[in-house]
Every structure is written in C-alpha cells, then in structure tokens.
Amino acid sequence: FRFYHKPETTIMHAFLLILIGFVYVFLLVEGYTKGAIRAKGYFWHIRIYDRDAEPGDYWFTFALYAVLTFVCFGFGV
C-alpha cells in the first residue's frame, strides 16, 4: 500500500491552510488595534481578553495566533 496524494487534494489542503492563516491574521490585526482579542470559549461561546485587564491571557492568545499563522502559511505555501 502506497500513500499517494492526488494533486487536486494537495492544492485544496494548501488553499484551506492559507485561508485559515488569513483568519488568524484578521484576528491578530483586530486584537492589536482594538486592544482586545477574541478567543474560543467552551462550546459556541467566545471569550474576549482585554490587553489592560488580562494581559497574560491576551498576550498568550496573541502569541498562539501568531504561531498558528506562521504554521498555516508555512504548510500552505
């Protein structure tokens, strides 16, 4: 059994990763300009971390989004 990727699925996965990377770029820019970053909460809830009120959670989420942006663009390209 040989593991083989079709070129169509490889292009689709790359496009999906680049699209997810742009979502993280949007969240990073929005979080930096507004001073509050959105994060995933439990189930369908969204948590918002303020830069002044919760700096540890804000900068951890910011750094995590930055790493995920580079990973998505790195594997997508």
Side-chain angles (χ1 to χ4, degrees):
F1 179 72
R2 294 182 67 180
F3 188 70
Y4 175 71
H5 285 291
K6 294 180 182 177
E8 298 86 22
T9 58
T10 305
I11 292 171
M12 180 187 67
H13 291 145
F15 177 73
L16 185 63
L17 282 172
I18 290 172
L19 184 67
I20 293 170
F22 278 121
V23 170
Y24 282 122
V25 167
F26 171 74
L27 288 172
L28 280 172
V29 170
E30 182 189 40
Y32 187 75
T33 55
K34 289 185 177 181
I37 196 163
R38 291 189 285 174
K40 176 82 172 88
Y42 295 110
F43 303 109
W44 55 85
H45 297 282
I46 296 174
R47 294 180 180 190
I48 298 175
Y49 296 126
D50 189 48
R51 188 182 314 159
D52 298 326
E54 301 162 316
D57 293 330
Y58 173 84
W59 287 112
F60 176 75
T61 306
F62 190 88
L64 182 66
Y65 285 173
V67 168
L68 288 172
T69 300
F70 284 115
V71 168
C72 286
F73 282 135
F75 284 115
V77 173

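Heavy atoms only: backbone and side chains are in, while hydrogens, waters and symmetry mates are out.
- Linking ILVMFWY side-chain heavy atoms closer than 4.5 Å, directly or via other members, places I20 and L27 in a single hydrophobic cluster.
- Side-chain heavy atoms closer than 4.5 Å link hydrophobic residues (I, L, V, M, F, W, Y) into clusters, and following such links, even through other members, never connects Y24 to L17.
- Looking at Y49, its side chain never comes within 3.5 Å of a backbone N or O of F62 through a donor-acceptor pair.
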Requested in this report: Would you sort out whether Y65 and T61 count as a side chain to side chain contact (heavy atoms under 4.5 Å, CB included), showing the intermediate values?
Outcome: CA-CA 6 Å; Y65 285 173; T61 306; 3.7 Å; yes
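- A pairwise comparison of heavy atoms in A14 and G76 identifies CB-O, 3.2 Å as the closest pair.
- The side chain to side chain donor-acceptor pair (under 3.5 Å) contacts involving residues 35-44 comprise E30-R38, where partners must be two or more places apart or lie in separate chains.
- No continuous path of hydrophobic side-chain contacts links Y58 to I46 [ILVMFWY only; heavy atoms under 4.5 Å].
- Taking CD1 of I37 as the reference point, atom CD of E54 lies at 12.0 Å (rounded to 0.5 Å).
- Connection of Y32 to L28 is established within a shared hydrophobic cluster, with ILVMFWY side chains joined at heavy-atom distances below 4.5 Å, either directly or through further cluster members.
- F75 and V23 fall into different hydrophobic clusters, where Ile, Leu, Val, Met, Phe, Trp and Tyr side chains are chained together by heavy-atom contacts under 4.5 Å.
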